[in-house]
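Throughout, a chain's letter reflects where its sequence line sits, starting with A, and its residues are numbered from 1.
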Amino acid sequence: MSTIPNSFKDIIMQESKAARGRSLSKIRKRDLKRPAAKWVTVNRIGGKVGNALSLVMLTQGCAHARGNEGGCTMCSYLLDGSPKPASADELLAQFDKAMATLDNMPSPLAIKIYTSGSFLDPEEIPLEARSGILSKIAKDARIEEVVIESRPEYVNGTSLKQIREILGTRKIEIGIGLESGNDTVRSICINKGFTRSDFTAAVEAAKEEKIGTRAYVLVKPPFLTERDALLDCVQTIVDAAQIGATTISINPVNVQKHTLVERLWSKGHYRPPWLWTVVDALWRARLEVDSRIDIICDPVASGRQRGPHNCGRCDSTVTKAIRDFSLSQDVQVFADLHCECKSLWNHVLIHEDVSLLVHSSEA
Amino acid sequence: MTTFWIDRGHDGPARTGHLRIGDSEIRTPSLISPLETEHGITYYGSLGHDETAAKPSFIALSRRWEQPRSLLHDENLILLPSMISGGILSASVGSILLSKQLEFLKDNSDTLNPTRAIVRIDSFTDPDSIASYLDSFGSLGVRIAAFAFDGVLAPSDYRNVILRSQLPRNWAALALGRIEPPLVAPLHYFGFDLFDIGRAFEAAAQRKRLMFLDTERITPDVAPRYCSCSACSAHPSLLGLAFDSLQDTLIQHNIGVYRMALSESVQLQQENRLRWKIESTTHSSPAMASFMRKIDRAAYSYLEEYTPNNCRHTMVLIGPESYHAPTIRRFRENIVERFSPPTHKQLVLLLPCSARKPYSSSKSHRRFIRTIESTIGSVRHRVAETILTSPLGVIPRELERVFPAAHYDIPVTGDWDSEEIEIAATALEHHMNKFGDDVVIVAHVNGGYLDIVRSAEDRIRQSIIYTSPEQPVTRRESLAALADVLLDMTEILAIDDEKRTELDDHLRAIADFQFGLGAGQLLIPDEARLGGKLYHTVTCRVNKEQVCAFVASIGSISLTLAGGQLLAPLNRYWVRFAGRELKGSSIFAVGIEDADPGVRPGDEVIVLSQDDVVVGVGRSEMSGQEMCEFEKGHAVSLRHKSEVNK
Ligand code: SF4
Ligand SMILES: [Zn+2]
Ligand SMILES: [Zn+2]
């Protein structure tokens, strides 16, 4: 595709910023000594079954969203953040509170640290807090797996070396939002603000330290037809695997408050992906990608108007199949899914491409 | 190479035409669909998704156009890649998307012949910004533009029509998206040539059966309607069908409805009755009503350019949607601009209209005329008989036989709504401005007509005498009152034995009305000899040579070559062809060098040679600007031409 003029990019940035409206000034002040959220799930950890702690740290949020670039078109994590930055002490306090949940739990354990941005961004998580948290993990022998998240620009030799040194031989994975393997889609439709080669460099650097990468893949950025979104998702999964991601997690768009996606959606110019699209993408990608790489999906707001959805009658069955697939990696879980609405989805795949009209009305 | 040309006969921007793509030809208007179907419905799909690319078809290049272009046949039309919903971002995105498509065409000119490309115009594009882009596309050979309708007739659908009106005249327009059957005729009328019937398939997948005005959902709780189409007849109980068979049946039915809707629209267009259909459809939904009204208002000059000045049927004007119809508004404007009352008029007599046309053949007008003749008959030509009506406004007696004054039909109940009263009152005000202050108005009206005069009263300088405002105007007492008033007027009318001039007045007024002010004096000079009857034919001879004839059945004047020569100095209603000698009975668009932009389809025109010599007269088959822009198609049907080698 010939290159889109910069003016286009500027417009997307402006509109992404404009979509935040006055919401930024209304962010609640919150107790910076408590994590934004935490929960424990049962997971497969190194071939055994164990407990995994997910922890969302309360920070000032993603620098890409805070700054001049306006943030990604579908993301309002910034609004979950705190209006003022959290200090190292506060962040350590948040971590301790969350860790307390794991008291008395047997080995093996896993810990997944999310922020509303990048764990490796020193402005968001001061270096002191980062090394403090990592050292606390290192001291807990039960913890066998660690997952953190970051934009690729913070994933470099220095930060990785430090992580590896502190955490020793534990399994480590860094989640990076690749979203799309296509630079045009990533920059224009998502306003992601980094290139495919930035992602590749981060994955390569992580490999050096034997750190795995989990690529997040977006299903249906705005300004794509349903079919383009499907094809883009499959291609991105294939690309991410080829680049060297160790796990691929696909995220169907859910319409978040105060985002450009929400503005489009409220005017009928965007519809979250069909669950059939998610199924089809997983199915096609699973057949193409090395079976050692897991392709997983845990759709948020599935079956809701703001989340990926079908007709309403089949949504829970299809969502369950998607979750089952994420555990088993067996495409056969999709083989028996049927619903009348699949015809309509098939129509949308053809007709949106021809008409370039968003088929947002429901069955 | 793709070419587009149109047949004779417009009804508003609606036309029938031909799209030649390589060796194949699509007749327009035409339906296109995602299934390869019979019955002249053309297939469409998108590259890389559907393997079957029949020829010719409409193939969408999506964002992933990198896919093997070898799948494209030479005869496929290519929908250029654009961005779904991009335009909503900002006003400038529409033009950015146009420049992207242009760039795409230039970058791929080695494999993609631009004459096969269809440019997509986002509904948010600023209509004032597209001309230069369209020029660039046009010079590459692009002849089709596509617009996406969302089917709710919201502002974006309205903007699509406005954008369409900006297309070069020799382009075809493709309506994509959700086009319900009731929208087919309106979009045809608004100048679209190709219609996406994807909605037939979407609806079927939603268990919906499309109808002419609405949509029926097939659910177990409601007994389905009766439908006689072959698809539905094959299944007396739709409710008993499994979903797949139901869907197939509904697809067949829905496609059938589109075919019926389109064929009806084409036939009505050819009979010049499409506008009537459109106005009837207005009532299918409030959205449809406001959609049409807004377009009538905003796109008047576009609609008017293609609206013929004659018609073979009675025009049916039923409600408010007719008040601003192009024919009607143009008539009112032409009365203002092109009617100039002869200076010998000293009295204006206001009369109500009648159901029968022309008015003078009606019972009521025959009574009025008898009263006039018996009182002031010898000076009747000094009376400006003026008929009040709506929505046409005022009609001077001289013009009661022109189109559409003699060719319209309204529900005559005598009550006018306030808009109609205002339309007629304004027309009356403009009309009276053309007369001197000392002219006297005799208003022989009551009921709604009286309301018209009363509401104009303050805006009129002349004095008004009401004959019998309290009772029906055709009663004996009312007619007697009229007679009394007229007799009182005899002094003003300065009776002497001068010659009556009605025939001259009529013909000059008609010539002015048809060709513009001044035409009457040129075509019917003082020495002209007129013969015949107004209700049939009146011929005009100058120096023993016939120059023109008024034919009552068509309500207009036709010219002879000599008439054309007389009229030429007016510099209107001419077309210039690239040559000196006319051959055959028509001139084709390719041969037209230039034409008066005021020419409308069906107008009487003068044909000039390249040296500006009048070499023929005839009837235009398209608008003056269309003749200049089209490369192909019938431009003028010749009536008379200079003899070759004479
Ligand atoms: S998606 Fe990630 S990078 Fe984009 S704004 Fe949200 S947190 Fe920041
Ligand atoms: Zn369903
Ligand atoms: Zn039927």
Is A:Lys220 positioned over the aromatic face of A:Tyr270, cation under 6.0 angstrom from the ring centre and no more than 45 degrees off axis?
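Judged by the rule (NZ or CZ under 6.0 Å from the ring centre, within 45° of its axis), A:Lys220 counts as positioned above A:Tyr270.
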Hey, which residues of residues 83-95 of chain B are touching chain A, say heavy atoms under 4.5 Å apart?
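Within residues 83-95 of chain B, the residues that come under 4.5 Å of chain A (heavy atoms only) are B:Met83, B:Ile84, B:Ser85, B:Gly86, B:Ile88, B:Leu89, B:Ser90, B:Ser92, B:Val93.
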Given that the side chain runs from C-beta out, which part of [X] has a heavy atom under 4.5 Å from chain A: side chain, backbone, both or neither?
| X | result |
| --- | --- |
| B:Leu174 | neither |
| B:Asp196 | side chain |
| B:Phe147 | neither |

So do [Y] and [X] actually touch side chain to side chain, heavy atoms under 4.5 Å?
| X | Y | result |
| --- | --- | --- |
| B:Arg209 | B:Pro224 | yes |
| A:Val358 | A:Trp265 | no |
| B:Ser33 | B:Tyr43 | no |

Could you walk me through whether A:Met74 and A:Glu262 satisfy the side-chain contact (heavy atoms from CB on, under 4.5 Å) test, starting with their C-alpha distance in whole Å, then the side-chain angles of each, then the deciding distance to 0.1 Å, before giving a yes or no?
CA-CA 8 Å; A:Met74 72 303 179; A:Glu262 187 188 45; over 6 Å; no
Show your working on side-chain hydrogen bond (donor to acceptor under 3.5 Å, both in side chains) between A:Ser76 and A:Gln256 and close with a plain yes or no.
CA-CA 6 Å; A:Ser76 69; A:Gln256 299 176 7; 3.2 Å; yes
Taking the six-membered ring for Trp, are the ring centroids of B:Phe190 and B:Tyr158 within less than 6.0 Å of each other?
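No: the rings miss the under 6.0 Å criterion.
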Looking only at heavy atoms and a cut-off of under 4.5 Å, which of B:Ala60, B:Ala203, B:Gly177 has the most pairs with chain A?
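Ranked by contacts with chain A, first place is B:Gly177.
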